[in-house]
Engineer: 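Let me begin by handing over the structure; questions about it come next.
All residue numbers in this chain count up from 1 along the given sequence.
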Amino acid sequence: MPSPTRPYRIGMIVPSSNTCLEPQTYRILGGRTDVTVHFTRIPVTRIALDDSSNKQFDSAVMRDAARLLSTADVDVIAWNGTSGSWLGAKHDQELVQEITEATGIAATTSTLAYLEAFRTFGTKRIGLFTPYTDDVNHQVIAAYEREGVETVDHRALGLSDNESFARVTDDEMRPGSRELAATNPDALVYLCTNLYGANVTAEIEESTGVPVLDSVAVTLWHALRLAGAQLLDPRWGRLLVS
């Protein structure tokens, strides 16, 4: 007979070419036994500002993926991708509403998780670091501005192939991170769930004094928060603690 109690279950919809967020999510959770994370993938291979790229994030595809996760009796469903950061918060708000209506399960996205973090921590000015092309960054900056968040400076690595984002090394992230921290933002944002930003979060926070918000950590933080579970260890971002 199954136990009446079980760990919290987090369901995550993953871009198909993402090789970071699944291992990084479990790395962040460490040895915790109070929560398990369950993944399903949708086709995403390229990040750009054109129709073929944007169609990857169609709500019908997301609903189908969410319905699959719902059969695992998850407590929360998260679209663990940052597309709403350039498509706009309204896009993700409508997506979350559709997912919840289709499954009856609370939902979030990486973009909505960031916006909740900004509100929770009073973050008004950010330094933005992404692997994307410059034009994508500028669209993100404009979308954040509409939400009352100013980007004081940004760095874009100029990549568009989603699989390549996970190949960015810690050494490639450090110089731009320190330059952005020197502009004294409220937080440094590593925007991309296929970027291993959490690897250097503690180091950058300690050396610069600026809080870091990494996409994988922030999405997990919000999913745990919605589920009512314990939050994160401070080494993954000192703002995201229990």
Engineer: Excluding sequence neighbours, so at least two apart, what forms salt bridge (Lys or Arg N to Asp or Glu O under 4.0 Å) with Arg225?
Structural biologist: Glu116
Engineer: Could you check Asp135 against Thr133 for side-chain hydrogen bond (donor to acceptor under 3.5 Å, both in side chains), going step by step and ending with a plain yes or no?
Structural biologist: CA-CA 6 Å; Asp135 59 340; Thr133 53; 2.6 Å; yes
Engineer: Contact between Asn137 and Leu128 at the side-chain level, heavy atoms closer than 4.5 Å - yes or no?
Structural biologist: yes
Engineer: Would you call Arg178 and Glu203 a salt bridge, taking side-chain N to carboxylate O under 4.0 Å as the test?
Structural biologist: yes
Engineer: If you define the side chain from C-beta out and look only at heavy atoms, does anything of Leu224 sit under 4.5 Å from Tyr8?
Structural biologist: no
Engineer: Check whether any side-chain heavy atom of Leu69 sits under 4.5 Å from a side-chain heavy atom of Ile13, and report yes or no.
Structural biologist: yes
Engineer: State which residues pass salt bridge (Lys or Arg N to Asp or Glu O under 4.0 Å) with Asp186; sequence neighbours excluded, sorted by chain then number.
Structural biologist: none
Engineer: Which residues pass the salt bridge (Lys or Arg N to Asp or Glu O under 4.0 Å) test with Asp134, not counting sequence neighbours?
Structural biologist: none
Engineer: If the plane angle is over 60° it's perpendicular, under 30° parallel, otherwise tilted; pick one for Phe121 and Trp221.
Structural biologist: tilted
Engineer: Is there a side-chain contact between Tyr144 and Leu191, using heavy atoms and a 4.5 Å cut-off?
Structural biologist: yes
Engineer: Does a side-chain N-to-carboxylate-O contact under 4.0 Å join Arg155 and Glu179?
Structural biologist: yes
Engineer: Could you pull out all residues at least two apart from Tyr196 that satisfy ring-ring contact (aromatic ring centres under 6.0 Å, His included)?
Structural biologist: none
Engineer: Among pairs that include at least one residue of residues 74-85, which meet salt bridge (Lys or Arg N to Asp or Glu O under 4.0 Å), considering only residues two or more places apart or in two chains?
Structural biologist: Arg6-Asp75
Engineer: Short question: side chain of Thr219, backbone of Val216 - any donor-acceptor pair under 3.5 Å?
Structural biologist: no
Engineer: Between Pro211 and Leu239, what is the shortest heavy-atom contact and its length?
Structural biologist: CB-CD1, 3.7 Å
Engineer: Under the salt bridge (Lys or Arg N to Asp or Glu O under 4.0 Å) rule, what pairs show up with a residue in residues 19-30, not counting sequence neighbours?
Structural biologist: Glu22-Arg41
Engineer: Nearest 0.5 angstrom please: Leu21 CG to Tyr26 OH, how far?
Structural biologist: 11.5 Å
